[in-house]
Structure formats: C-alpha cells, structure tokens
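Have a look at the structure below before the remarks.
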Amino acid sequence: MMLSRALSRISRITRRKNALGCRSLLSHRLDPLPISDGSSNTLGDSAQKEQLDPFSLVADELSVLANKLRQMVVAEVPKLASAAEYFFKIGVEGKRFRPTVLLLMATALNVHIPEPIPNDGPMATELRARQQRIAEITEMIHVASLLHDDVLDDADTRRGIKSLNFVMGNKVSVLAGDFLLSRACVALASLRNTEVVSLLATVVEHLVTGETMQMTTTTEQRCSMEYYLQKTYYKTASLISNSCKAVALLAGQTAEVATLAFEYGRNLGLAFQLIDDVLDFTGTSASLGKGSLSDIRHGIVTAPILFAMEEFPQLRAIIDEGFEDPKNVNLALEYLGKSRGIQRTRELAAQHANLAAEAIDSLPETDDEDVRRSRRALIDITQRVITRNK
C-alpha cells in the first residue's frame, strides 16, 4: 500500500516536472505556487505552525562535522594546508547549507528500509556515520568548486572576506581546490559503495561541464533559457541532488525513494541558484559577501535578463554586443528595471521550491516524530531558500 502510494506520487511529480521541463519553461506562464494547498501537503502545514529552525535540529552534528573537515584538510606543506583550510576556519565556514540538508535527509529517510536497521545500536551508528561522510564529501567538493570559480571569475571577495586567489594567488588557489577534491575522493572510496562513488564522481564531471558551458557559450546559447537551466543544474543542483540520492542509497532505500530524494535536491538547487541570480541584481556586496552585479559584468546572462529580453527584444542586441562596455551594463539594467524579469525569476524559483516540497511529502508515511520533524524542516528550507536576501 505504501509503495503504491509512493509510486503514484512519483508519477505525479514526474508529470509535473516534465510540464516544467526546459521547453515548457520557454513559455514562462508561471504562477507562484504555495508550498501547501491546505490539503495535500500536511507536512508543510505543520512546518508553518511549528516554526522549525532546520539548522538547530542538526547543530550538534554540524559542529562535529566542522571539526572533522578541519582535520581532513590538513596537509604536509604549510602553505597548502593554510590554503586548503581557508574556508573551513571558524567564522568563515558559512551556514553549512548542504550538510544541513543532507543530515536532515538522512533522518527523513529513516523508515521503510527493506532490511530494517535498528534505530539504535552499532548498525544504526555506522549508517549515520556513513551518511555524515556524504555531507563532509559534499562540502569539500562545494568549497573546491568555489576556489576554482573565484580564479576563473577573478573574484576578490568570498563569504565577506578576501578570496583565496586574491590573498595567495591563482596557482595556490587552484592547487588548494584540487587538494580538497583529492581528499573528497579518498573519503568517498572509504564508503565502498560503487553506486555512490559513481554518483559523486558524476557531480565533479557536471561541475566541470557546467563551467565550460558558461565559458564557451555562443550568442544563441547565451540567450537560451533551456541552455541556462541545463548549465544551472550542472553547476549548482547536481551536487545537492546526487548527494541526497547517495544518502538514500546508503540507507538501503528503494529506487523510488532515492528518486524522490534526488528530485528534492534537484529542485532545491535550481531554486537556490535562481534566487542567487536575483540577488546578484538586488543585493549589496555587504549582504552577499561578494561583489554584486558580478555575473553581468563578466558577461554571464542569467534568468532575470532572459525574462526581461522577452519583454524588450532590443535587449538581444546589447547581449550580442557584450558587456565589456559599462554603458551596455547600464542599458541592460534599465531594461531589467522596466521589466518583470526579477519577479518572474522569483516565480520560477517558487515553482521549483514547491516541487521540492512535494517530493518530501511523497515519501512513505511514518509515525516516527523525529522523521516527521526532519521532513518538516526540509520543507521549511524550501521557503527559506526563496525568501532569503543574502
């Protein structure tokens, strides 16, 4: 009964996902969808009433994880060690968004395993440790990608401080990113799960592919929403979606449940990046921890500009000409200000947040309050992502 219910909901989500596929998105008839409609999303209702703080639910584990990460990035060469730990130091490690999602997902999936694992005892402890290792690996891959991105973008700030490439130079920054990836690979191999290894290896491939897509776009590709969304999945959403799936696979979950975990991460990641693209125009350098208007100044066309171009086709000529000339940047910003580009991007982010919440609500039912609380927290995160201002 539970399996048929889950399959039915997966089918519904798949149909909706296809309806929101890249080609359909080109029409952009987007209406903001609420996370809860008052009937189907009972977990969403509870999350709103309870006012959960997702980060506090895993605060103790996050503290342990932060310490373990600092230990894992120790290197023999002092300069490399200093570079590798740059964004793992106390005070600049960020909010640990991805580890929080993965630890909550681990608890949210702690039901209906084909070969039941006791809720306590050595087997459960070992499983949790392996899922924590996924969170550590994910964070190392994420920070490595930031180090490489900052070199490619010639960024001078990150997380409110000087970027590593600004402080130590591009060569050391690239090597530090490579070192973090190598440490992530060693940790990944220790899990001895070929499917999980394949998933996370694919993530690294996607990061490289996405960055290459961004660097080598043709004029047509720069103006394509379909191309933008595919690149966004590779650069941002692939990491969290495949990591969520890895957590499910380590728990021995069914393919159907693993797919729901993947869909949650995929849609959450897309929503996250869409809001990032909005904040690049509306945020300040102080609130973002990095320079605002960074993308357009580097010639990167994102969703707000793509939506604005639909209303003002003359923007296409400016995009074709490029943004090396500050006048073109100012012209594009003028058109963006007159358009609904920002609003429509927020609406698209809300669509993906809603799909992420649906994936959690489609998981097999449970009476375990810890599991239900973690699921409510995951739904709460979808709203935090689309309402954040930094």
Side-chain angles (χ1 to χ4, degrees), residues 10 13-14 17-18 20-22 69 72 97-103 105-106 109 127 130-149 152 174 177-217 221 226-274 276 352 355-356 359 378:
I10 290 170
I13 287 178
T14 302
K17 181 182 72 173
N18 291 338
L20 286 170
C22 293
L69 282 169
M72 293 171 74
F97 171 77
R98 289 158 191 82
T100 297
V101 169
L102 295 173
L103 293 172
M105 182 64 74
L109 299 179
L127 171 60
R130 287 160 64 81
Q131 291 171 323
Q132 289 169 345
R133 182 57 56 94
I134 292 293
E136 296 160 6
I137 292 166
T138 299
E139 190 66 5
M140 283 192 286
I141 293 175
H142 172 60
V143 173
S145 73
L146 296 183
L147 296 180
H148 288 162
D149 281 357
L152 292 170
V174 169
D178 292 346
F179 177 74
L180 291 179
L181 288 176
S182 69
R183 283 298 169 93
C185 288
V186 171
L188 188 57
S190 72
L191 294 173
R192 300 179 182 274
N193 185 307
T194 55
E195 191 170 4
V196 169
V197 170
S198 179
L199 280 177
L200 274 298
T202 299
V203 166
V204 177
E205 177 190 343
H206 284 171
L207 288 169
V208 176
T209 300
E211 193 61 47
T212 305
M213 288 175 69
Q214 183 166 285
M215 292 171 57
T216 60
T217 54
Q221 289 168 339
E226 183 177 356
Y227 190 88
Y228 160 82
L229 289 171
Q230 186 64 54
K231 179 197 71 174
T232 298
Y233 169 72
Y234 284 151
K235 282 177 60 68
T236 303
S238 175
L239 177 58
I240 190 64
S241 60
N242 283 293
S243 296
C244 283
K245 185 175 182 178
V247 165
L249 293 176
L250 286 178
Q253 287 289 355
T254 64
E256 292 79 14
V257 170
T259 296
L260 289 171
F262 176 90
E263 285 302 319
Y264 174 83
R266 173 185 174 275
N267 285 292
L268 184 72
L270 290 173
F272 188 97
Q273 186 57 50
L274 286 162
D276 251 17
H352 284 290
L355 289 173
L378 288 170

Start with the C-alpha distance between Leu191 and Ile134, add both sets of side-chain angles, then the distance that settles side chain to side chain contact (heavy atoms under 4.5 Å, CB included), and finish with yes or no. CA-CA 9 Å; Leu191 294 173; Ile134 292 293; 3.6 Å; yes

Apply the test side chain to side chain donor-acceptor pair (under 3.5 Å) to residues Asp149 and Ser145: give CA-CA distance (whole Å), side-chain angles for both, the deciding distance (0.1 Å), then the verdict. CA-CA 6 Å; Asp149 281 357; Ser145 73; 4.9 Å; no

Could you please spell out the steps behind the side chain to side chain contact (heavy atoms under 4.5 Å, CB included) verdict for Asn242 and Thr138? CA-CA 10 Å; Asn242 283 293; Thr138 299; over 6 Å; no

Could you walk me through whether Met140 and Leu181 satisfy the side chain to side chain contact (heavy atoms under 4.5 Å, CB included) test, starting with their C-alpha distance in whole Å, then the side-chain angles of each, then the deciding distance to 0.1 Å, before giving a yes or no? CA-CA 7 Å; Met140 283 192 286; Leu181 288 176; over 6 Å; no

Start with the C-alpha gap between His352 and Leu268, add the side-chain angles, then the distance that decides, and say whether side chain to side chain contact (heavy atoms under 4.5 Å, CB included) holds. CA-CA 7 Å; His352 284 290; Leu268 184 72; over 6 Å; no

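Considering all non-hydrogen atoms of both residues, Ala237 and Leu270 come closest at CB-N, 3.9 Å. Between Pro99 and Glu139, the shortest heavy-atom contact is CD-OE1, 3.3 Å. The minimum heavy-atom distance between Ala261 and Cys244, with the atom names listed, is O-CB, 3.4 Å. Of all heavy-atom pairs between Leu180 and Leu147, the closest is CD1-CD1, 3.9 Å. Of all non-hydrogen atoms in Lys245 and Ala258, the two that sit nearest each other are CG-O, 3.9 Å.
Considering Val101, Ile137, Ile141, Leu102 in turn, Leu102 is the only one that fulfils the side-chain contact (heavy atoms from CB on, under 4.5 Å) rule with Ser243.
Of the possible donor and acceptor atoms, none in the side chain of His206 sits under 3.5 Å from a partner among the backbone N and O of Lys235. Looking at Thr212, its side chain does come within 3.5 Å of a backbone N or O of Val208 through a donor-acceptor pair. No side-chain donor-acceptor contact under 3.5 Å links Glu263 to the backbone of Ala356. Side-chain atoms of Ser241 come within 3.5 Å of backbone N or O of Ser238 as a donor-acceptor pair. Side chain of Tyr264 to main chain of Met105: no donor-acceptor pair is present (N/O by atom type, distance under 3.5 Å, no hydrogens or angles). For Ser182 (side chain) and Phe179 (main-chain N/O), a donor-acceptor pair under 3.5 Å exists by modelled atom type.
A distance of 14.5 Å separates CD of Gln273 from OH of Tyr233, quoted to the nearest 0.5 Å. Separation of atoms CG (Leu109) and OG1 (Thr254) is listed at 9.5 Å; rounding is to 0.5 Å. Taking CZ from Arg192 and CZ from Arg130, the interatomic distance works out to 9.5 Å, rounded to the nearest 0.5 Å. For the atom pair Lys231 NZ and Met215 CE, the distance stands at 12.5 Å (nearest 0.5 Å). The distance from atom NE2 of His142 to atom CZ of Arg98, rounded to the nearest 0.5 Å, is 3.5 Å. Taking CD from Glu205 and CG from Leu200, the interatomic distance works out to 13.0 Å, rounded to the nearest 0.5 Å.
Counting heavy atoms from C-beta on, the side chains of Leu188 and Asn193 never come closer than 4.5 Å. With a 4.5 Å cut-off on side-chain heavy atoms, Asp178 and His148 count as touching. In this structure, the side chains of Tyr234 and Leu207 stay at 4.5 Å or more apart for every pair of heavy atoms. Within the 4.5 Å cutoff, the side chain of Phe272 has no heavy atoms near those of the Asn267 side chain.
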